[in-house]
Asks: 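Dropping a structure here in structure tokens format, bear with me for questions.
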Amino acid sequence: MNEASTARETSMGTEDRGGHRLILPEDGYEWRKYGQKFIKNIGKTRSYFKCHKENCNAKKRVEWSESEPDNIRVVYDGVHTHALSAAVSASSTGTSNANQYNLLNQVFGDQSTSTRQHRS
DNA sequence: CGCCTTTGACCCGCGC
DNA sequence: GCGCGGGTCAAAGGCG
């Protein structure tokens, strides 16, 4: 099923920066971080990701609290123009990954029903 | 060598 | 009308 690790799961997924541990839910698509800012309005850090594909206008927004890296909010904008590589399915093989996958399922289940699609 | 990531600054829109 | 916030772009550096 999973042939190639499309995403940089090997390198990314768990970002260890200075002493902070952030668990970014891997969706199986490739993303390119094009910005990061701290939103004081919600007191959280927001990271901006864009689909790596040129024909793909899908965008991803991730926000997490500095005190609660376990509680992350992922928001998807737009739709993918290319099929998914099924890198997430690889989690089935990794039992330990199931733990992380659980969080992913929780986050996804919150918005998988309405992938925000409105722009000013 | 190529590619990706990170930070800063700038810009625009909306609210009051 | 002005201010602030949020969002995006650009460039540079580092690493594989």
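Since the structure is predicted, the reported quantities are computational estimates derived from the model, not experimental observations. Below, each value reflects all heavy atoms present in this structure, side chains not excepted, and no hydrogens, waters or symmetry copies. Letters go in sequence order (proteins before strands), and every chain restarts at 1.
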Asks: Got a second to check how far Lys50(A)'s NZ is from Lys60(A)'s NZ, nearest 0.5 Å?
Replies: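 That separation rounds to 14.5 Å.
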
Asks: Round to a whole Å and report the spacing from CD of Glu30(A) to P of dC3(B).
Replies: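 Taking atom P of dC3(B) as the reference, CD of Glu30(A) is at 13 Å.
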
Asks: Distance check needed: dT5(B) P versus Lys60(A) NZ, whole Å only.
Replies: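 My rounded result for the distance is 11 Å.
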
Asks: Could you state the CZ-P distance from Phe38(A) to dG7(C), rounded to the nearest angstrom?
Replies: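 From Phe38(A) CZ to dG7(C) P: 14 Å.
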
Asks: Nearest nucleotide by nearest heavy atom, which residue falls closer to the 5' end of DNA chain C, Lys50(A) or Ile42(A)?
Replies: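 It is Ile42(A), whose closest nucleotide lies nearer the 5' terminus.
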
Asks: Nearest to the His52(A) side chain among dC4(B), dT8(C), dT7(B), which nucleotide is it?
Replies: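 Selected nucleotide: dC4(B).
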
Asks: Test Trp64(A) against Asn71(A) for side chain to side chain contact (heavy atoms under 4.5 Å, CB included), laying out the working first.
Replies: CA-CA 6 Å; Trp64(A) 67 81; Asn71(A) 184 29; over 6 Å; no

Asks: Roughly, in whole Å, what's the span from NZ in Lys37(A) to C1' in dT8(C)?
Replies: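 Nearest whole value for this atom pair: 9 Å.
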
Asks: Enumerate all atom pairs, one protein N or O and one N or O from nucleotides 3-5 of chain C, separated by less than 3.5 Å.
Replies:
residue, atom, partner, partner atom, Å
dG5(C), OP1, Lys40(A), NZ, 3.4
dG5(C), O3', Asn41(A), ND2, 3.3

Asks: Starting from P on dT7(B), measure out to OH on Tyr48(A) and report it in whole angstrom.
Replies: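 Roughly 14 Å, once rounded to whole Å.
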
Asks: Quick one: hydrophobic cluster around Ile39(A), which other residues, with the 4.5 Å side-chain cut-off, linked directly or via members?
Replies: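 Its cluster partners, ordered by chain and number, are Tyr34(A), Ile42(A), Tyr48(A).
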
Asks: Among dG7(C), dT6(B), dC9(C), which is the nearest nucleotide to the side chain of Lys33(A)?
Replies: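 So the side chain of Lys33(A) is nearest to dT6(B).
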
Asks: From His80(A) NE2 over to Asn55(A) CG, what is the distance, rounded to the nearest 0.5 angstrom?
Replies: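 It comes to 13.0 Å.
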
Asks: Any protein N or O atoms within reach of nucleotides 10-12 of chain C? Criterion: under 3.5 Å, listing atom names and distances.
Replies:
none

Asks: With a 6.0 Å cut-off on ring centres, are His82(A) and Tyr29(A) close enough?
Replies: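 Yes, the ring of His82(A) comes within the 6.0 Å limit of the ring of Tyr29(A), centre to centre.
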
Asks: Atom CG in Leu24(A), atom CH2 in Trp31(A): separation rounded to 0.5 Å?
Replies: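 It comes to 13.0 Å.
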
Asks: Got a second to check how far Glu30(A)'s CD is from His52(A)'s NE2, nearest 0.5 Å?
Replies: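 Rounded to the nearest 0.5 Å, the CD-NE2 separation comes to 6.0 Å.
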
Asks: Can you tell me if the side-chain N/O atoms of Arg46(A) get under 4.0 Å from OP1 or OP2 in dG6(C)?
Replies: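 So the side-chain polar atoms of Arg46(A) never come under 4.0 Å of the phosphate oxygens OP1 or OP2 of dG6(C).
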
Asks: Which whole-number value in Å describes the distance from Asn57(A) CG to dT8(C) P?
Replies: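 Rounding to the nearest Å, CG of Asn57(A) and P of dT8(C) are 13 Å apart.
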
Asks: Using 0.5 Å steps for rounding, measure from the NZ atom of Lys44(A) to the CZ atom of Phe38(A).
Replies: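 Spacing of NZ (Lys44(A)) from CZ (Phe38(A)) equals 10.0 Å.
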
Asks: Kindly say if Arg61(A) contacts the phosphate of dG7(C), meaning a side-chain N or O under 4.0 Å from OP1 or OP2.
Replies: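 Indeed, a polar side-chain atom of Arg61(A) lies that close.
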
Asks: Apply side chain to side chain contact (heavy atoms under 4.5 Å, CB included) to residues Lys33(A) and Ser47(A) and explain how you reach the verdict.
Replies: CA-CA 7 Å; Lys33(A) 191 194 280 209; Ser47(A) 289; 4.2 Å; yes

